[in-house]
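In what follows, a single structure is set out as structure tokens and then discussed.
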Amino acid sequence: MLPMPVLESAARDLVSYGDSGMSVMEMSHRSPSFDAIIKAAEASFRKLMNIPDNYKVLFLQGGASTQFAAVPLNLMKTGKADYILSGQFSTKAFKEAQKYGDVVAAASSKDDNFSHVPKTTRESFRPDADYVHMCFNNTIYGTKFDYIPDTGDIPLVADMSSCIISEPVDVTKFGVIYAGAQKNMAPAGLTVVIIREDLIGNARPETPAMLDYKLMAEADSMYNTPPCWPIYIAGLVYDWILSIGGLEEMKKINEKKAKLLYDYLDNQDYYIAPVEKSSRSMMNVTFVTGVEELDKKFPKEAEKAGLMNLKGHRSVGGMRASIYNAMPYEGVEKLVEFMKEFAKNNPKG
Ligand SMILES: *Cc1c(COP(=O)(O)O)cnc(C)c1O
């Protein structure tokens, strides 16, 4: 979802942005109008996430999946990297990185069907690894790290596609943060990378230009045509969060929404919430009925009641409620009401 005030602003600007006489979708990315848009979006993002001056912000394309390759290509100085496997996306990132060097799984919760995040200590990682990679919020399984791994001096790289700007994050704890924008920031087509400056400039010679952080940083994300429309919408989303009080406030709202749903799940016995409590995601809440037929029926019936996209990922089944920033509290209330009704109308034999 995108916040309603953002959609309304975008609708107003759709035909003509300000007095420019054209839509953002029609502008040259080299025009003064768009230059102002991308600079303002970056400034708002920096303010929102409290990004220090020694970090670059890159607005790229290719989705988080492209970063699975860009990270090893840019960060592997000696060719060694350690990955924490906490779900499907971190496993994909791990497999992609294995094409480029000596890549090992430092920790994994696969044996437990990724129902919790792996615990790590500094000793979990090879001291000479070029970086450690993690996925902070595991979209498909509904888990989130309840701690930031201690990697000592080894740069920590985090995929934050499904939790970015949902709550404050201490950026200084990370070497690189990346996120596909379409979960919580903007329409599909934009990928945001936050990278500490000293990690830029080590790309392997065969790195495609489009994946080279140095080229992208030097060109201020304008090496080629950037995704202008999603950048413009992302700027509106950042400003919307700043206007309601920033990430501290956003976190409070998100906590309240997630608590409503988890409190219900914990106080009934029809649905099962498979995730270990300490690893629960605030953005993606997964649950099952335990009966295949009913798991199939639930999302269909929910859709009829106006509750969309509740089917779990095809790889895990069951249900998943994605309650990103723009989902209002009332939306979660409606879901809980529906869950109660469904349980009453569909007894388990
Ligand atoms: C959705 C998602 C991805 C994949 O993102 P694309 O932008 O589609 O490549 C990667 N990681 C996480 C955590 C995701 O939620």
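Both counts, for ligands and for their atoms, begin at 1 and track the order of listing.
Annotation for ligand 1: atoms under 4.0 Å from non-hydrogen atoms of Ser161 are 10 (C), 11 (N), 12 (C), 13 (C), 14 (C), 15 (O). Close contacts of ligand 1 with Cys135, meaning ligand atoms under 4.0 Å from a residue heavy atom, involve 13 (C). Residue-ligand proximity, Gln182 to ligand 1, at heavy-atom distances under 4.0 Å covers atoms 5 (O), 6 (P), 7 (O), 8 (O). Listed by number with element, the atoms of ligand 1 under 4.0 angstrom from any heavy atom of Thr139 are 12 (C), 13 (C), 14 (C), 15 (O).
For Ser65, a nitrogen or oxygen atom sits less than 3.5 Å from a nitrogen or oxygen atom of ligand 1, counting backbone and side chain alike. For a threshold of 3.5 Å applied to N or O pairs, the pair formed by Asn137 and ligand 1 contains no separation below that value.
Atom 1 (C) of ligand 1 has Lys183 NZ, 1.5 Å as its closest protein atom, hydrogens excluded (heavy atom only). Nearest to atom 5 (O) of ligand 1 among the protein's heavy atoms is Ala64 CB, 3.6 Å.
Legend: residues meeting side chain to side chain donor-acceptor pair (under 3.5 Å) with Asn254, ordered by chain and number and at least two apart, are Lys257, Asn325.
Proximity of Ala188 to ligand 1, defined as any heavy-atom pair under 4.0 Å, is not found for any part of the residue. Using a 4.0 Å cut-off between heavy atoms, Lys92 makes no contact with ligand 1 at all.
Summarising the geometry of Ser279 relative to Ser115, their closest heavy-atom pair is CB-O, 4.5 Å, with the distance given to 0.1 Å. Residue Ala10 comes nearest to Tyr232 through the heavy atom pair CA-OH, 3.6 Å, listed as atom of the first residue, atom of the second, then distance.
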